[in-house]
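Working notes for the structure below.
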Amino acid sequence: MSASNPLVRVEPLAAQFAAAAHDWALRLGLPQELDGAEFALQIGEGGLQLLMLEAQAPGPVRVDFVEGAAAHRRQFGGGSGQMIAKAVGIQPGVRPRVLDATAGLGRDAFVLATLGCEVSLIERQPLIAALLEDGLSRAAVDAEVGAIAARMTLLRGNAIELMKQWQGEAPQVIYLDPMFPHRDKSALVKKEMRLFRPFVGDDMDAPALLAAALELASHRVVVKRPRKAPAIEGAKPGYSLDGKSSRYDIYPKKKLQG
Ligand SMILES: C[S@@+](CC[C@H](N)C(=O)[O-])C[C@H]1O[C@@H](n2cnc3c(N)ncnc32)[C@H](O)[C@@H]1O
């Protein structure tokens, strides 16, 4: 399935957010009044959130690095023993510079930044990038997670192009998690998939993304896949790490050293 162009309107949740709603509408080129809108991008006390406007739709989605699931994983998620940490090559004394070229809501990038990696994030879907920017700016002013957010830099645009034009030092590790048709079915992921699939589609250009990443990364490329999914078409992974619902395909280029 490819991305469609859903109808979205921007709305404040209270009068004091009217100016912020106006600014987001301008920045994203979205209307504030729209009959038949399928989604609302709402601005309120908790920041920016995306809501599906349909009976029995799941609740709104926002990026929250301070509380909820991200905070829980930060405190109890297993630290550098987590599979994603092993996949990107975190070891004692080694915290690679990572480019997460498919940022989405930034959860994986936040885990890596929590573990001490400097992470650049690329997101091409403007609405998802907006949610991420908003979550990062709230995290930046939090006493506990501010230092983690400071290790995360958001870039917007198509990662294939941005990687081809990359200036300066190459990222040591490039992390990819493109949309895949049959992803894990946890309630949280299902809710977000229902909301985001109309905007994002299935990332059919993943083979070009992998090729550009392999060209740029100095040390390795890591691709997250649903456990049973085939590898991305193109170069074959050197090895894989299997998790409960995900698999990490590793494309090594050079040994990471402390
Ligand atoms: C499955 S989500 C990533 C979820 C993310 N790992 C997380 O932890 O929240 C895939 C995201 O990658 C983005 N994406 C896919 N291909 C891209 C590309 N070539 N350039 C930039 N973003 C891309 C999609 O818009 C989507 O938001």
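Indexing begins at 1, ligand by ligand and atom by atom, following the structure's order. Computed from a predicted structure; not experimentally measured. Basis for what follows: all heavy atoms, side chains included, without hydrogens, waters or symmetry-related copies.
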key: Glu45 atom CD: more than 12 heavy-atom contacts under 6.0 Å   = no

key: Any N/O pair Ala159/ligand 1 closer than 3.5 Å   = yes

query = Considering distance alone, does some N or O of Leu209 sit under 3.5 Å from an N or O of ligand 1?
reply = no

inquiry  = Taking 4.0 Å as the limit for heavy-atom contacts, which would you say applies to Ala206 with ligand 1: side chain only, backbone only, both, or neither?
reply    = neither

task = Please verify whether a non-hydrogen atom of Ala109 lies at under 4.0 Å from ligand 1.
result = no

ask   = For ligand 1, is there an N or O atom under 3.5 Å from any N or O atom of Asn158?
value = yes

request  = Number the atoms of ligand 1 from 1 as they appear, then name those within less than 4.0 Å of a heavy atom of Val200, with their elements.
outcome  = 24 (C), 25 (O), 26 (C)

query = Which of the numbered atoms in ligand 1 are below 4.0 angstrom from a heavy atom of Gly157?
reply = 20 (N), 21 (C)

message = How long is the straight-line distance from CZ of Phe110 back to CG of Leu121, given to the nearest 0.5 Å?
response = 11.5 Å

request  = May I ask whether Ala103 has any heavy atom positioned less than 4.0 angstrom from an atom of ligand 1?
outcome  = yes

task = Kindly compute the distance separating CD1 (Ile122) from OG1 (Thr153), expressed to the nearest 0.5 Å.
result = 11.0 Å

inquiry  = Using 0.5 Å steps for rounding, measure from the CZ atom of Arg220 to the CD1 atom of Ile174.
reply    = 13.0 Å

inquiry  = Tell me whether Tyr175 has any N or O atom under 3.5 angstrom from an N or O of ligand 1.
reply    = no

remark   = Taken to the nearest 0.5 Å, the spacing of Arg151 CZ from Glu118 CD works out to 7.0 Å

Residue pairs, two or more places apart or on separate chains, that pass side chain to side chain donor-acceptor pair (under 3.5 Å) and touch residues 76-103 = Arg73-Gln82, Arg97-Glu169

key: Criterion side chain to side chain contact (heavy atoms under 4.5 Å, CB included) against Gln42, the qualifying member of Arg62, Glu11, Arg9   = Glu11

task = Have a look at ligand 1 and work out which part of Thr102, if any, has a heavy atom under 4.0 Å from it: side chain, backbone, both or neither.
result = both

request  = Would you mind running through ligand 1 and noting each atom that sits below 4.0 Å from a heavy atom of Arg107?
outcome  = 7 (C), 8 (O), 9 (O)

note = Test side chain to side chain donor-acceptor pair (under 3.5 Å), reference Arg156, set Glu133, Glu123, Gln125, output is Glu133

inquiry  = Are any of the N/O atoms on Asp108, whether in the backbone or the side chain, positioned under 3.5 angstrom from an N/O atom of ligand 1?
reply    = yes

query = Thinking salt bridges, do Arg107 and Asp177 make one under a 4.0 Å N-O criterion?
reply = no

For Ile128, the ligand 1 atoms whose distance to one of its heavy atoms is below 4.0 Å = 27 (O)

